[in-house]
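A, B, ... follow the sequence lines: proteins, then strands. Residue 1 opens every chain.
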Protein chains: 2
Amino acid sequence: MQDGKTAARGAARAGSGAGASRSEKLLFLTDEQLRQSAELLFFAYRDFTSDPDEILAARGLGRAHHRALHFIRRRPGITVAGLLEILRVTKQSLNRVLRQLVDEGLVESTEGLQDRRQRNLRLSPAGEALERALSEPQRARLRRAYALAGPEAVAGFRQVLEQMLDGAGRDGVLSMVGSDADERS
Amino acid sequence: MQDGKTAARGAARAGSGAGASRSEKLLFLTDEQLRQSAELLFFAYRDFTSDPDEILAARGLGRAHHRALHFIRRRPGITVAGLLEILRVTKQSLNRVLRQLVDEGLVESTEGLQDRRQRNLRLSPAGEALERALSEPQRARLRRAYALAGPEAVAGFRQVLEQMLDGAGRDGVLSMVGSDADERS
DNA sequence: TGTAATCCGTCAACAAGGCTGACATAAATC
DNA sequence: GATTTATGTCAGCCTTGTTGACGGATTACA
């Protein structure tokens, strides 16, 4: 697979023993090769997240707002606590963002039905429109990359990403990512 | 974990064993499915970058320092301008980080040989040690994910990431990350 | 040779978006 | 009735990004 300066540099063997249980083909990955993967991930994610920035800036919002809009759209009716758990930020930090979104009429916050202490969050039509505009360049980027790389590559891409998740939250993430239940938009 | 809900999702629509080129196999991806990919990428990257944080915090440093250490290690002798281009931040922002690293003896800044206006940056032994400690949990995460997902998945992972890069900087990035995991075009 | 451009460093001010701590209120629970 | 829970909010701090301005050293050029 790889050689050249890379292989010359890390004559050190890959530390991943584990035997060839999963596949007959072994992966010999030097630390340097793993660093290259980390770097690739860094650049890809940087480019990916850079897409919506101009739109956000034009409205005086930031990435934190985009994240909130994204997850509220994906889980309409989510509570503040639920959003806190997903985003892993403090309630003070989230509240600052949420307040702006509500004030600008992008997010609707309604009293919980069973528990009136809670707030159920959902996007207003304007919020939906903005979220769509923000995420469209990202979807276009993924669509294009997927088309160029092909179905097997896409399957591998998703498999590796899933395995990279923290074990603790993996089930939660995968159930969310994998739930076709929210196709009802 | 390799399949189940994920495979059912449509990433794996690659049934044909014939010689059909990968671009001929169609990908039917709804916007909702693309959003799921974006979400998965978000969670994976979040977990990935969370690894070194405790070590950094213990030394009073942040992620910006880790990024600088990483790229200086990968390109020893890089100039300030080169690092600026990679990180895409302002020189004032980078300088603040770089100054700390030099002050703490983690980075060595020497006068350029051909052009004495430039500074050539490299890690000191202490800087190498810190960078290694910071990146080790990330490499371990990748090693494990790669081993579990298998070689084909790894190849697909890298292919998709490469296709996600901005066209403008793709060549530069790929030459830096030593791309030979696949042959695009 | 003199002038302009370049590379780097720095000061100042500011903003986004994290954080902790403290406190308040309404509603649910025990 | 007392306590816990869900949420909101004030105040202040930190990191890391931004603009704008300026200066010194060095190189490139007319």
message = Under 4.0 Å between a side-chain nitrogen and a carboxylate oxygen: does that hold for Arg74(A) and Glu131(A)?
response = no
message = On DNA chain C, does the nearest nucleotide to Gly60(A) precede the nearest nucleotide to Asp115(A) from the 5' side, or the other way round? Give the residue.
response = Gly60(A)
remark   = Residue pair Val80(B)/Gly62(A) against DNA chain C: nearer the 5' end by closest nucleotide is Val80(B)
request  = Report yes if at least one side-chain N or O of Arg116(B) is closer than 4.0 Å to OP1 or OP2 of dT6(C); otherwise report no.
outcome  = no
ask   = Is the side chain of Ser135(A) donor-acceptor paired with the backbone N or O of Gln138(A) at a distance under 3.5 Å, no angle test?
value = no
query = Taking atom types as modelled and ignoring hydrogens, do the side chains of Arg119(B) and Thr110(B) form a donor-acceptor contact shorter than 3.5 angstrom?
reply = no
message = Does Gln92(A) have more than 12 heavy atoms from other residues, nucleotides or ligands lying within 6.0 Å of its CD?
response = yes
task = May I ask you to say what Gln114(A) touches in the nucleic acid, namely base, sugar-phosphate or nothing, with a heavy-atom cut-off under 4.0 Å?
result = sugar-phosphate
request  = Using a strict cut-off of less than 4.0 Å between a Lys/Arg side-chain nitrogen and an Asp/Glu carboxylate oxygen, indicate whether Asp31(A) and Arg143(B) qualify as a salt bridge.
outcome  = yes
request  = Can you sort out which residues in residues 117-124 of chain B have a heavy atom within less than 4.0 Å of DNA chain C? Ascending by number, please.
outcome  = Arg117(B), Gln118(B), Arg119(B)
key: N/O donor-acceptor pair under 3.5 Å between Thr49(B) side chain and Arg46(B) backbone   = yes
key: Interface limits on DNA chain D, where chain B has a heavy atom under 4.0 Å of a nucleotide atom   = dT16(D) to dT27(D)
ask   = Which one of Thr79(A), Ile78(A), Val102(A) satisfies the side-chain contact (heavy atoms from CB on, under 4.5 Å) criterion with Leu121(A)?
value = Ile78(A)
note = Which of dT20(C), dG9(C), dG18(C) is nearest the side chain of Arg96(A)? It is dG18(C)
query = Rounded to the Å, how far apart are Leu83(B) CG and dG9(C) P?
reply = 11 Å
message = Rounded to whole Å, how long is the line connecting atom CZ of Arg67(A) with atom C1' of dA16(C)?
response = 11 Å
ask   = Quick one: ring-ring contact (aromatic ring centres under 6.0 Å, His included) partners of Phe48(B), sequence neighbours excluded?
value = none
ask   = Where the side chain of His65(A) is concerned, which of dG18(C), dG9(C), dG17(C) is the nearest nucleotide?
value = dG17(C)
inquiry  = Tell me whether Arg139(B) is salt-bridged to Asp51(B), with the criterion being a basic N under 4.0 Å from an acidic carboxylate O.
reply    = no
